[in-house]
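In what follows, a structure is listed as structure tokens, so that the remarks can point back to it.
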Amino acid sequence: MAAIRHPITYRFPDSFPVCPGQRVLVPLATRKAMGIVLRPTSGVPPGIEVREALRALDPEPVLSPELVRLGIWISDYYLAPPGEVFRAMLPLRRETRRARLVRLTDEGKRKMGELAASLLEESRGSQEVALLAYLDRHPGASVEILHKKFPEALQRALAQIWVTIEEAERERSRRKVFAVRLVGPLPERQPRLSPVARRIIETLERQGPAEDHRQLLEAARANLDNLRTLSRAGLIELGGADTRGLSPGKRSVARDGGFPNGDLEAPPSLTPSQSNVLNDIFPRLDSGGFSAVLLHGITGSGKTEIYLRLIGRCLEQGRSALMLVPEIALTPAMQSLFFSRFGEQVALLHSGLTEGERDDAWWRLRRGEAKVVLGTRSAVFAPLANLGAVIVDEEHDSSYKQDETPRYHGRDVAVVRAQFAGAIALLGSATPSLESYWNAREGKYHLATLAERVGGRKLAAVEVVDMRQEFRETHTQVPISRRLKEEIAAQVQASAQTMLLLNRRGYSWFLLCRSCGQTQRCVNCSISLTYHRREHRLICHYCGYSAAIPSVCPVCGSEYLRYVGEGTEKIEQKFAELFPGARVARLDRDVARRRSEFLRVLSDFRKGKIDILVGTQLIAKGHDFPGVTLVGVVSADIGLGLPDFRAAERTFQLLTQVAGRAGRGDAAGRVLVQTFFPDHYAIRLAADQNFDGFFSKEMSFRRMMHYPPITVLANVVAQHEKLERAAQVAKEMGEFFTKVEGQFPGIKILGPGPAPLARVERRFRIQFLLKSVSRTRLHALLKQLADHCDQSGIQPREVMIDVDPVSIM
Ligand SMILES: [Zn+2]
Ligand SMILES: [Zn+2]
């Protein structure tokens with residue numbers, strides 16, 4: 001189905017009153033489609049055929065006028081087809097599905113009688129008779145079923161016009177969700193498995209039991225029949241859905257993480273600076289108008305308490321509140337806090353929910369039964385009425401940006417939603433994004449600051465370990481310096497907890513052939529595959545493709561293959577070897593896939609049952625581990641080398657955030673950062689935890705290079721499975737830009753050139769980068785580009801337009 005860039009006008013019969021925000025069924029080309037009523041129009045230009053809408057799907061609008069307006073704004077601002085925007089806003093099950101039904105014609109009925117009465121045995125027993133008799137018993141059976149049962153007879157019956165096919169919309173029945181798990185280890189002598197069966201089993205081995213079979217099917221590119229076959233073969237078990245720990249309401253969500261969840265808890269007392277911030281924010285809420293506040297609070301300064309108090313005040317005023325967090329599944333402590341403060345008024349909205357659970361949460365909010373939302377990016381569309389506050393925690397986090405159409409930024413949409421609702425938008429971070437801090441400096445946002453840690457605790461002292469020096473002195477390239485080893489040994493000796501950050505999962509970065517210098521690459525993407533030891537496979541971190549480990553180089557046949565680089569898996573193993581007495585565990589996306597294991601590691605670490613925790617940026621995100629007194633950064637350099645203008649900002653944020661995990665309890669914390677670039681400003685200023693210093697330094701770089709927030713940016717990529725087509729699309733866009741460039745002064749167009757990731761998920765990517773001093777002008781240019789693409793037959797999926805990209809790779 002092609003995406004449609006513009007809304008379509010329909011006529012509604014008088015008997016069928018509709019309002020904006022209502023879901024309706026409309027004819028679209030030769031089929032029926034679901035639509036959202038946007039606004040009434042008075043006249044239609046002559047010559048345009050207006051079709052009649054079929055019926056309303058709900059008795060009342062599902063989207064409030066405020067949310068309809070927000071959807072239109074997103075569609076316009078991000079140049080996304082409105083249908084796709086509203087689909088993203090409504091996480092509801094589709095109410096209908098298209099069905100092709102077969103019916104007997106009069107001729108068919110006559111023929112059936114004739115055949116049945118026939119004296120000839122073979123005509124009475126023929127497939128045609130069976131088909132017609134079946135249809136007589138099951139009027140309106142689907143084409144798919146009949147095609148399976150009577151493949152040839154159906155063709156003949158259609159040709160003879162004994163039957164006809166009609167299209168119909170069927171109400172979708174509630175689909176059953178199965179939980180899937182492996183029955184046990186595979187038998188010694190493995191049965192011969194088809195590739196799809198192998199994919200299913202591998203996915204289950206990798207991810208653990210699936211709570212929702214549809215997610216498994218997607219990951220393994222399989223269908224339900226494949227699962228049934230494996231179930232009959234006794235290899236997997238299909239059961240009713242296991243919704244434990246995910247459903248809305250109080251339930252066991254909080255208990256999962258080993259956190260208390262009893263009666264509503266009284267809030268702790270506030271520090272003077274927390275009181276100051278609240279005294280600053282509350283009048284803004286009470287005024288009933290829009291305002292945007294950036295809360296810059298250093299790590300451990302108690303931002304969460306500010307959020308909770310603000311939500312509490314909204315509830316006192318009979319208003320609702322919405323809070324976004326980057327990854328809800330990763331913050332069980334936050335869920336626990338919400339339920340303990342606000343009980344049944346809380347609804348969770350995130351992608352880990354099953355369709356049914358999301359549906360329930362959504363309708364609870366729509367009916368006003370729940371008034372507080374804790375959720376990830378798309379929860380910004382939660383159907384809350386009378387909104388008082390929209391809070392974005394860790395507002396700098398790049399996971400707020402959606403990386404598929406509509407490519408909206410959850411944080412920016414949150415601010416616009418607050419504006420439309422007359423609510424307060426509160427963005428919080430210890431390391432605000434340059435955009436938000438710039439907005440605060442420019443007076444667009446009000447700035448509130450928490451400059452001290454709760455309990456008078458000090459920020460951890462940071463020491464930079466120069467790995468060049470280490471190499472000069474030891475003449476060996478090792479991932480762990482003598483200094484870091486020493487410090488950890490002391491920690492282990494003192495039974496104190498250590499956290500080690502390495503922002504790269506897997507065992508080795510890649511498999512290199514020492515004869516020809518080639519690495520094993522993904523067949524779908526232009527990147528090297530990462531070696532994962534647990535699965536003993538090479539895995540693509542972009543598309544999930546995995547390959548067996550070759551015994552010889554597939555390019556030159558050489559046997560000299562070598563694993564290069566260290567990932568979290570390898571570092572975990574190394575530390576377990578170095579400190580045999582210590583309890584070492586790992587936390588990264590591979591572990592997080594198995595939810596129970598993830599929660600167990602988190603809870604064990606909190607309880608002090610783990611001495612050394614190795615992890616990726618997941619361990620840097622908002623966790624509060626009071627026992628951690630040493631944080632080691634194994635390599636601070638991984639992000640710095642990326643060809644992306646935010647590389648320094650990301651490195652600074654990550655280092656500051658992970659350093660903030662140390663010393664949150666009674667003992668002071670220390671941080672060791674290993675790097676080959678000790679003089680890089682991102683590393684130096686993160687070591688000083690000097691946000692203002694970093695902001696000025698980075699702003700001068702952005703100013704010099706014309707990058708946001710000094711300019712506005714759009715990334716335009718021609719993409720296609722065939723390189724020739726991608727090149728053709730890029731060429732046409734290039735010609736368009738050359739033609740209109742003169743009308744848009746102040747816009748710099750770079751490209752076309754291959755994107756840094758020249759191929760992702762089988763698609764070749766050719767990139768243009770547009771930098772503009774004026775957002776209005778950039779928007780006008782992009783709109784013209786979209787129209788031009790429509791006129792020249794370029795499909796929306798062949799062009800990616802990313803407004804305000806967070807990454808330009
Ligand atoms: Zn080779
Ligand atoms: Zn790939």
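As the structure is a prediction and not an experimental result, all values here were calculated from the model. First listed ligand is number 1; within each ligand, the first listed atom is number 1.
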Item checked: Y560 OH: over 12 foreign heavy atoms closer than 6.0 Å -> no
Check: How about F737 and F768: are their ring centroids closer than 6.0 Å?
Finding: yes
Checklist line | the Zn ion (ligand 2): angle it makes with SG (C540) and SG (C543), nearest 10 degrees | finding: 110°
Notebook entry, point to check: Measuring to the Zn ion (ligand 2), does H541 have an N/O/S atom at a distance below 2.8 Å?
Noted result: no
Notebook entry, point to check: Does the distance from a Lys or Arg side-chain N to an Asp or Glu carboxylate O, for R537 and E202, drop under 4.0 Å?
Noted result: yes
Notebook entry, point to check: Under 4.0 Å between a Lys/Arg side-chain N and an Asp/Glu carboxylate O for D397 and K621?
Noted result: yes
Notebook entry, point to check: Hey, what's the angle at the Zn ion (ligand 2) spanning SG (C522) and SG (C525), nearest 10 degrees?
Noted result: 110°
Margin query: Only to 10 degrees, please: what angle do the SG atom of C513 and the SG atom of C516 make about the Zn ion (ligand 1)?
Written below: 110°
